[in-house]
Amino acid sequence: MNYLSTRGDATARKFCDILLEGLAPDGGLYLPQHYPQLDAAGLARLRQVWRDEGYAALAFEILSLYIDDIPADDLRQLCAKTYTPAVFGTRAITPLKKLEEGFYLEALSNGPTLAFKDMAMQLLGNLFEYELARKNGGQGAQLNILGATSGDTGSAAEYAMRGKRGIRVFMLSPHGRMSAFQQAQMFSLQDANIHNIAIEGVFDDCQDIVKAVSADLPFKRRYSIGTVNSINWARLLAQVVYYFAGWMQATQSEAQTVDFTVPSGNFGNICAGHVARMMGLPIRRLIVATNENDVLDEFFRTGLYRVRGSAETFETSSPSMDISKASNFERFVFDLLGRDAAATRALFGQTLAQQGQFDLSRHPRFAAAREQFGFASGKSTHADRLATIRSVHEQYGVLVDTHTADGVKVARQLAQKDTPMIVLETALPIKFAATIREALGRDPDRPAAFNGIENLPRRVRVMPADAQAIKAFIAQQCA
Ligand SMILES: *Cc1c(COP(=O)(O)O)cnc(C)c1O
């Protein structure tokens with residue numbers, strides 16, 4: 001399998017060439033040259049593998065359709081090492097919870113940091129370590145991951161990369177602005193290769209520092225600076241697997257379709273659903289659920305894609321969906337436009353860059369988003385979240401987190417009788433305890449492994465919002 005850029009860079013690349021990269025050199029995103037196709041017999045075979053050997057074997061089968069530059073035995077081993085009950089809490093890895101007939105939650109958040117990002121990041125950690133060890137004729141190479149986080153991404157990355165050979169993580173977070181639980185999760189890590197840096201500033205300051213350091217190309221090259229953001233193709237590919245596992249749990253035969261509702265921000269999670277559907281997985285609809293930051297809902301309703309300024313980007317009680325633009329969206333638009341790279345480049349490289357928006361409402365392909373690609377969308381607000389958390393708790397005795405509540409709210413609105421609905425559960429309620437208290441007047445249950453983490457010793461360095469100081473610190477750690 002070769003990979004191409006959504007903006008037309010024609011240099012064919014292999015999976016391992018793009019594994020450690022973010023954007024393609026022309027500013028586009030990487031996609032496979034084609035989506036491998038599964039017919040009913042192929043799906044039945046995968047279902048059998050999943051039944052007999054479990055999630056890790058299913059992951060290997062799907063990944064191997066896209067990765068031909070890692071020997072099959074090694075790839076199988078990497079999947080087996082990643083998707084274990086010890087790391088993900090259950091044998092099923094992503095068990096389906098039935099709320100009522102035909103209405104399910106797929107649990108994706110029983111990994112080490114209790115959010116769905118572990119599903120991909122844990123695999124990424126193992127893939128990075130494997131690939132770095134192979135570099136330089138087997139002598140190995142070093143990668144320094146620099147990131148900015150306001151919560152979920154940073155902790156998922158740190159738990160995936162801790163103790164990994166050849167990898168250091170420098171994670172910037174806004175000093176004193178993450179929830180107590182999120183701070184405790186990250187700062188209690190004592191691994192020598194994990195560096196928590198609390199920046200005296202807000203999240204945007206952290207992101208500006210990452211951009212400034214990455215823009216210094218000599219520094220970037222000298223210290224092998226890399227990232228793990230959600231545009232990474234390997235992260236997206238790892239997420240494709242749980243759409244298959246969800247469908248397999250909700251259906252009996254290859255002819256049955258399901259709907260998925262996905263709490264969405266950067267369009268990474270649901271883009272993996274789009275890839276699964278393009279491969280032939282019988283998904284009828286892919287439903288995008290947004291919070292008050294409704295960039296994506298607006299697009300799927302009207303055809304207008306409008307990036308928000310910071311004054312229009314709201315801080316909500318489902319903070320991991322608080323986005324001003326959706327960084328993976330270009331991948332879908334490329335497919336929507338019939339894989340026309342010149343048209344994609346014109347929209348994202350020119351129109352969006354100059355005008356901050358583009359409008360496909362009158363484009364002949366816009367209707368295909370719904371009709372051919374199965375997309376639908378809806379939006380949820382703080383009041384909806386509170387009401388949904390309460391009613392799901394009352395009706396089913398199940399506690400959902402704020403992001404999952406956005407998904408359930410939209411799924412209830414759009415569910416249709418004849419098709420099973422699967423809502424992706426993207427985090428556990430303990431991560432967002434304040435809103436659970438607001439909804440129910442009590443604290444969410446805490447998984448036993450997290451008792452008392454707020455009292456553990458912390459490993460964090462407070463630093464000013466100054467890119468030079470961060471560069472000096474990285475250089476010193478690499479000396
Ligand atoms: C990251 C995240 C999301 C949004 O996922 P995208 O891939 O950015 O669309 C939703 N819920 C939670 C809990 C998350 O951490």
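Numbering of ligands and ligand atoms starts at 1, following listing order.
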Enquirer: When you look at Gln249 and Trp50, which way does the side-chain contact (heavy atoms from CB on, under 4.5 Å) test go after all the steps?
Expert: CA-CA 10 Å; Gln249 292 174 81; Trp50 168 75; 3.5 Å; yes
Enquirer: Distance check, rounded to the nearest 0.5 Å: Asp9 atom CG versus Tyr30 atom OH?
Expert: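 Going from CG on Asp9 over to OH on Tyr30, the span is 6.5 Å.
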Enquirer: Should you measure from each heavy atom of Pro263, which atoms of ligand 1 turn up under 4.0 Å away?
Expert: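 By the 4.0 Å cutoff, the relevant atoms are 4 (C), 10 (C).
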Enquirer: Below 6.0 angstrom between ring centroids: does that apply to Phe358 and Tyr305?
Expert: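 Yes - the distance between ring centres of Phe358 and Tyr305 falls below the 6.0 Å cut-off.
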Enquirer: Identify the closest protein heavy atom to atom 11 (N) of ligand 1: which residue and atom is it, and at what distance?
Expert: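 So the nearest neighbour among protein heavy atoms is Thr426 OG1, 2.9 Å.
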Enquirer: Starting from atom 8 (O) of ligand 1, what is the nearest protein heavy atom, named by residue and atom, and what distance separates them?
Expert: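 Ranked first by proximity to atom 8 (O) of ligand 1 is Asn266 N, 2.7 Å.
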Enquirer: Could you tell me if the side chain of Leu440 sits less than 4.5 Å from the side chain of Ile389, heavy atoms only?
Expert: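 In contact.
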Enquirer: Does any N or O atom in Ala427 lie less than 3.5 angstrom from one in ligand 1, N or O only?
Expert: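 No, since none of the N or O atoms of Ala427 sits under 3.5 Å from an N or O of ligand 1.
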Enquirer: Do Val241 and Leu63 have side chains that approach each other closer than 4.5 Å (heavy atoms only, starting at C-beta)?
Expert: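 Sidechains of Leu63 and Val241: in contact.
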Enquirer: Which ligand 1 atoms are under 4.0 Å away from a heavy-atom of Gly268?
Expert: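 Ligand 1 atoms under the 4.0 Å threshold to Gly268: 6 (P), 7 (O), 9 (O).
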Enquirer: Could you find the nearest protein heavy atom to atom 7 (O) of ligand 1 and give me its residue, atom name and distance?
Expert: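 For atom 7 (O) of ligand 1, the nearest protein heavy atom comes out as Asn269 N, 2.9 Å.
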Enquirer: What is the nearest protein non-hydrogen atom to atom 9 (O) of ligand 1, stated with its residue, atom name and distance?
Expert: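 That would be Gly265 N, 2.8 Å.
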Enquirer: Looking at ligand 1, would Ser230 count as a contact under a 4.0 Å heavy-atom criterion?
Expert: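 The answer is no, since Ser230 has no heavy atom less than 4.0 Å from ligand 1.
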Enquirer: Run the ring-centre check on His403 versus Phe116 and record whether the distance is less than 6.0 Å.
Expert: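 Aromatic pair excluded; centres sit 6.0 Å or further apart.
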Enquirer: Does Phe116, backbone or side chain, put an N or O under 3.5 Å from an N or O of ligand 1?
Expert: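 No: no nitrogen or oxygen of Phe116 is under 3.5 Å from one in ligand 1.
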Enquirer: Considering only heavy atoms, which of Met321, His403, Lys117 lies nearest to atom 2 (C) of ligand 1?
Expert: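 The nearest heavy atom belongs to Lys117.
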Enquirer: Phe329 vs Phe299 aromatic rings, parallel, tilted or perpendicular, using cut-offs 30° and 60°?
Expert: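 Ring orientation of Phe329 relative to Phe299: perpendicular.
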